Amino acid sequence: MSDALEPVVKEIPPKAADLSAWYTAACLKAELVSYAPVRGCVVLRPYGFGLWENLQRELDARFKATGHENAYFPLLIPESLLTREAEHVEGFAPEVAWVTQGGSEVLTERLAIRPTSEVIIGTMYARWIESYRDLPILINQWCNVVRWEKATRPFLRTMEFLWQEGHTAHASADEARAETLAMLDVYREFAESVAAVPVYAGVKSASERFPGAVETYSIEALMPDGRALQSATSHDLGQNFAKAYDIAFTDRDQTVKHAYTTSWGMSWRMLGATIMVHGDDRGLRIPPKLAPIEVVVIPILRAGDERALEVARDVTRDLRTCGVRVRLDERDAQPGWKYAEWDVRGVPVRIEIGPRDVDAGTAVLVRRDRARGDADHKRSLARTAIADALPELLSDIHRTLYAQARAFLETHTLRLEDRAAFYEAARARAGMLDIPWCGRPECEAHVKAQTGATTRNTRPLDGDDRTCVACGEPATLRAYFAQSY
RNA sequence: CGGGACGUAGCUCAGCUUGGUAGAGCGCUUGCUUUGGGAGCAAGAAGUCGCAGGUUCAAAUCCUGUCGUCCCGACCA
């Protein structure tokens, strides 16, 4: 094993050597999750839940700002309701978990544990909506769902996962489509400005469409191994669910019409994307806006000189007063040990306060986004200047993480014009392969069979290129192809 | 659901081929010395060897079954 492949951190293998092993070890070692005694399920530990709470807070604020309200619907769905929308049932049937017994009583009708809530929410909307005056309904719920997955990984694919699902009903197709696109853009903006993960937003191909949707949109992020990760979806359900669940209203013209509905969701998978995109050989690098701890303060004590502890407490208190999410690490351990641990856990900024700082009235600020040895990895600052300097420092860390991820995405987005090169790149997981595409399912299926890659999403043609790079037929779209998680 | 690997102390694993008193490192506890990038010494605690059968005088070790986990593929957020 070469030096380059030696672990920098105990128990975490180098990221470039084996992304899967790195990812799993990082999630466990950073204490985000713990495996549960239930197959395919994880425990979200306090630090991991802190990530989720920050995602929730940021995303929820965006939902509220666009006129949505939160509500909560039941976990269990009667089988007879679930089967009303044919495509939807067929799409989800293989992964639905069922409750068949309550206590010792065998149920006369099975109850599905929700894999998603279109059915139960649509049923309620049908009762609530009578008039065009009742529309639109703009509701979101934060909840758990269960899908009987065969193979699982923390955040990326678990049998039970946390997410939010928005469900809206509208009087017109145009309004529903506008809602679908608006929420897609909320997700894109959230990914970039909160998680610092650049994404491509676009339309899913027919084969990748949500079961029962008229059109599905997604944001897609690129992982370091060249595979894409679908990070959120937004569905225009047209009148499919409205017709199946009888969501109807009397319009201004006194005729009864079916509503147009949408649904859109982001799960804790987004956290998995964030972890994979930003992490390095020392562990996680959490973008500041998602970080449960933005700043960790580490006092450096010597025998007979514990002044740093008092100063560190003062600094911590001041920062907390300023609204910074700060943690003072007073544990009885060596500073170097603490540095390594908080590096693994990805805290954006570390403040070191030792005897020299106590004397000089300073503190050392260390950025997690920089490599050790970089010129601006550490800097000494007057203690009175810390609170003022932090907001800009945290912003700069966000910008740095985003810029690095953006650069990776751009250098691994290949606009290909040659069929052989396209197939080779698809097999090699070279990244996002951006090509003019015919849009035909049989073409996509062929690419998938040959290379494992599928369309991630598509957008309108932008140039004169009118030939599908994958098959040579006339092109109708531009598509990103990649292997996916 | 296919292919592969693995279940032994909190963690990572050795021991199994060739059956014969349960091991190491890390971690943990206590004490002292330390503390600006994962400290040192000393003492100590800790495991029904995943589970159930079978073979045997004797099973972590051999056989059968079973449950679970991880990795690689096929499907999903």
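Chain A is the first sequence line, chain B the second, and so forth, proteins listed ahead of strands; every chain is numbered from 1. Note that the structure is a prediction, hence the values are computed from the model and not measured.
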Of the listed B:G73, B:C76, B:G37, the closest approach to the A:A340 side chain comes from B:G37
Determine the Euclidean distance between corresponding C1' atoms of B:G20 and B:C26; express it in Å to zero decimal places. 31 Å
Write down the distance separating the P atoms in B:G25 and B:A9, rounded off to the nearest Å. 16 Å
One thing to verify: whether A:D236 and A:R177 come together as a salt bridge, which I'm taking to mean a side-chain N less than 4.0 angstrom from a carboxylate O. yes
Side-chain H-bond candidate by donor/acceptor type, A:T413 with A:Y200, under 3.5 Å: yes
Nearest-angstrom distance, C1' atom, B:C63 to B:U17: 16 Å
Interatomic distance where CD belongs to A:E149 and C1' belongs to B:U69 [whole Å]: 17 Å
So A:F63 and A:W142, would you call those rings parallel, tilted or perpendicular, with 30° and 60° as cut-offs? tilted
For A:R350 and A:W342, indicate whether the former's side chain and the latter's backbone hold a donor-acceptor pair under 3.5 Å. no
Counting only side-chain nitrogens and oxygens, does A:Q334 get under 4.0 Å of the OP1 or OP2 atom of B:G36? yes
When we call it a touch if two heavy atoms are under 4.0 Å apart, what does A:T158 touch: a base, just sugar-phosphate, or nothing? base
Check for me: is A:W337 stacked on B:A39 by the 5.5 Å centroid and 30° plane-angle rule? no
Between B:A45 and B:G68, how many Å separate the two C1' atoms, rounded to a whole number? 29 Å
Do the side chain of A:R302 and the base of B:G36 come within less than 3.5 angstrom through a donor-acceptor pair of N or O atoms? yes
Select base, sugar-phosphate, or nothing to describe what A:V364 touches, counting heavy atoms under 4.0 Å on all strands. base
Could one point to a donor on the side chain of A:R153 or the base of B:C70 with an acceptor on the other under 3.5 Å away? no
For the P atoms, the ones on B:A59 and on B:A22, what distance do you get once it is rounded to whole angstrom? 11 Å
